[in-house]
Amino acid sequence: MASIEMSHIVKQYGDGYPAVNDVSLDIADGEFMILVGPSGCGKSTLLRMIVGLEDITSGDMVIAGDRVNDKAPRDRNLSMVFQNYALYPHLSVYENIAFPLRLAKVPDEEVRKRVEEAASVLELKEHLQRKPANLSGGQRQRVAMGRAIVRAADAFLFDEPLSNLDAKLRGQMRTEIARLQRRLGITTVYVTHDQTEAMTLGDRVCVLRKGVIQQVASPRELYEQPVNLFVAGFIGSPPMNFLPATVEGTALSTPFGQVELGQERAEKVKGHELLLVGIRPEYFEDASLVDEAKKPHGSTFTARVDVTEWLGDAQYAYIPYEAPEEVAAQLKELSRELDSDQLRTQAVVSIDSTSRIREGREAEFWLDTRKIHVFDPKTGENLTRDAEAGRKLTEMAAEDRVDQVERAKV
Amino acid sequence: MSTREKVGWGIGGLIIIVYCLFPVAWIISLSFKSSDDIANGQFLPTAFSGENYEQILVGDAAGLFLPALVNSFGICLIATFISCLLSMFAAYAIARLEFPGKKLILSTALAVAIFPVISIVTPLFNLWRQIGLYNTWPGLIIPYLSLTLPISIWTLSAFFREIPWEMEQAAQVDGATPWQAFRKVIVPLAAPGVFTTAIIAFFLAWNDFVYGISLTSTEAARPVPAALGLFSGASQFESPNGPIAAAAVIVTIPVVLLVLLFQRRIVAGLTNGAVKG
Ligand SMILES: Nc1ncnc2c1ncn2[C@@H]1O[C@H](COP(=O)(O)OP(=O)(O)O)[C@@H](O)[C@H]1O
Ligand SMILES: [Mg+2]
């Protein structure tokens, strides 16, 4: 059990490019921390510096109160699950799991006890004598986890552990990992570029961009109070829509008509010529299906629908809009950076699955203006972020975690 | 594959096998012909005779052949062992570490491997005589290392490169020292590579003729290929083809045995399952 504290961690590879740049992050004892970001943003590098496989260029890495910068991996007492599992192919499943114990010269009887315990937690009992080559992807994944939990490590580190599994198995293993972490209550750092994993697993999520931390917060805070365009665009699927807008009094004029901000928020966005409004797909609705009581909280507009996608439980409509040259270029750049491949400026709108809105026609939509955010396109900063509300969301998550750990222990 | 294709491949394969094995079969048949039967003008001996084997194992030629056999085995095994050990460390460093002069080592190894043996054997002969290595086991083991090391380093470093870095890193995170990671993870994984390399190195040394004939003078160190060249017939007018064929068959046996014994290990793709499948 240990906390992990990083202060001003920098990593420069041979070519001088800072893969991780001035990262300061405190991970509490027993916390489940997610590192997330598009590929190449330095997640793995940061994780490997924690475990000791990569030298730290500058900054301090403190684990359980000790500065470990110059310690070898074996002296840090952490365990890690690699993306490709890195099982030892010449050893049986039993010996793979027992490997850390063998190195620590644990007596045979104790080894047997602990391996069998780990194997039963991970449902590997009937496979103990097999070689990794003969196992399925999911089983290999569990062997790698077994090797990590068999030893009383101070923290678990995962580097995209589920990315090689198919979607169904990934869902299963995800809940498995969550349950295991709660049960063992061990500090965990988990690298992923998967939205769902980031949102569902973590107590807190750290969003990285080009080696720089953007925001560290609970999934809810990230979703509802993102600090900037990058975080807002990265978290959420389908992603947040960004529409160009200009201020007119206390309202914004957007391609989808006037959007009323109210006095307080209007104050915050004053003095900017061109703005970007961020609207999540689910803030829209088919206007004909909205409660009369709810209607005053938003605005209605009509637009021509390009494409609709009906998914059974949900329905998406795509609405193209015109954007000024500079905004369009910036949005394109952003979506490229976020690894998404949005080619045209169009809004994704989530509407009720019973909606009769069809493609190619004009339709009336309702837009909930309470939760929208306004961004400065130049700096990407979120102008309407409510830091206080965000802090509350993250505090709530922390309380939930304490509660869950208590329950899991009983 | 259609039946026609299968038949085509079968016939093709058969032709190649016959082409490759014919000389071997011929030598075997020759080794069973008695001295007056050698020129019988047919492929098979008129009557199978153990005369040639008798001659090289217990008869006149035994004095020449048996010590040579011992020399060959001893010298080649020692040379193979040393070369595997050295090349294992060298190749590991080449595959894993970034250090100045890495390219130089690899290209020097290649240059040594293609350097014609015949051009260094004369100076070596003079040198060995002066420092007392002429006609000794070490006097052959050292040049054999120059034959076997380059190829061993090349093949082994290719094998080491195939082993994912993460294997070792996983071991280190699990609590292994770099040496433990090497011994408990890398060496077992590289075992098929080491076997392959050992066999190649052994063959290279085993097949050498030039060093063997030039750097030895008596049965103290003379290896089999050189000894074969010194076989003589029962009389001046008789060619020693029979005994030579018999000796050739005997020296081929260990080679065939080696390959049969270790082919499973060589072929076994041990790294299967190390990473995602
Ligand atoms: N061994 C290395 N040498 C040089 N650059 C590297 C090395 N490993 C990673 N990088 C660079 O560091 C950056 C971060 O890489 P990484 O941490 O693997 O990203 P992620 O895991 O987030 O996809 C990338 O730009 C990558 O090109
Ligand atoms: Mg990575």
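Just so you know, these numbers use all the heavy atoms, side chains as well, and skip hydrogens, waters and symmetry mates. Here is how names work: the chains are called A, B, and so on, in the same order as the sequence lines, proteins then strands, and each is numbered from 1. For clarity, every value in this text was computed on a predicted model and none was experimentally measured.
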With a cut-off of 6.0 Å (strictly less than), are more than 12 heavy atoms of other residues, nucleotides or ligands near CZ of B/Phe115? no
Is it the case that more than 12 heavy atoms not belonging to B/Ile151 sit under 6.0 Å from its CD1 atom? no
Greater than 12 external heavy atoms within 6.0 Å of A/Asp55's CG: no
Nearest heavy-atom contact between A/Arg48 and B/Gln169 is NH2-NE2, 3.0 Å
Tell me whether A/Tyr88 contacts the main-chain N or O of B/Ala171 through its side chain, where contact means a donor paired with an acceptor under 3.5 Å. yes
Which one of A/Gly52, A/Pro73, A/Ala153 has the most heavy-atom pairs closer than 4.5 Å to chain B? A/Pro73
Should the heavy atoms of other residues, nucleotides or ligands under 6.0 Å from CD of A/Glu110 be counted, would the total exceed 12? yes
Heavy-atom distances under 4.5 Å only: say whether A/Arg102 touches chain B with side chain, backbone, both or neither. neither
Do you know which of A/Gln141, A/Arg76, A/Arg147 has the most heavy-atom pairs with chain B at a distance under 4.5 angstrom? A/Arg147
So with a 6.0 Å cut-off around OH of A/Tyr13, is the heavy-atom count from everything else above 12? yes
Just wondering, are more than 12 heavy atoms of other shown residues or ligands nearer than 6.0 Å to CH2 in B/Trp9? no
Output the distance between atom CD (B/Gln172) and atom CE (A/Met80), rounded to the nearest 0.5 Å. 12.0 Å
d(B/Glu166 CD, A/Leu87 CG) to nearest 0.5 Å is 11.0 Å
I'd like to know whether B/Asp174 forms a side chain to side chain contact (heavy atoms under 4.5 Å, CB included) with A/Arg151, so could you lay out the CA-CA distance, the side-chain angles of the two residues, the decisive distance to 0.1 Å, and finally the verdict. CA-CA 9 Å; B/Asp174 284 343; A/Arg151 177 165 59 108; 4.2 Å; yes
Can you tell me if B/Phe99 has over 12 outside heavy atoms packed within less than 6.0 Å of its CZ? yes
Counting only heavy atoms not in A/Arg183 (residues, nucleotides, ligands), do more than 12 fall under 6.0 Å from its CZ? no
At what distance, to the nearest 0.5 angstrom, does CD of B/Glu168 lie from CG of A/Leu53? 10.5 Å
Just checking, is any N or O donor in the side chain of A/Arg74 or B/Gln180 under 3.5 Å from an acceptor N or O on the other one? no
Sort out for me which of A/Ala144, A/Ala72, A/Ser79, A/Pro100 touches chain B most, counting heavy-atom pairs under 4.5 Å. A/Pro100
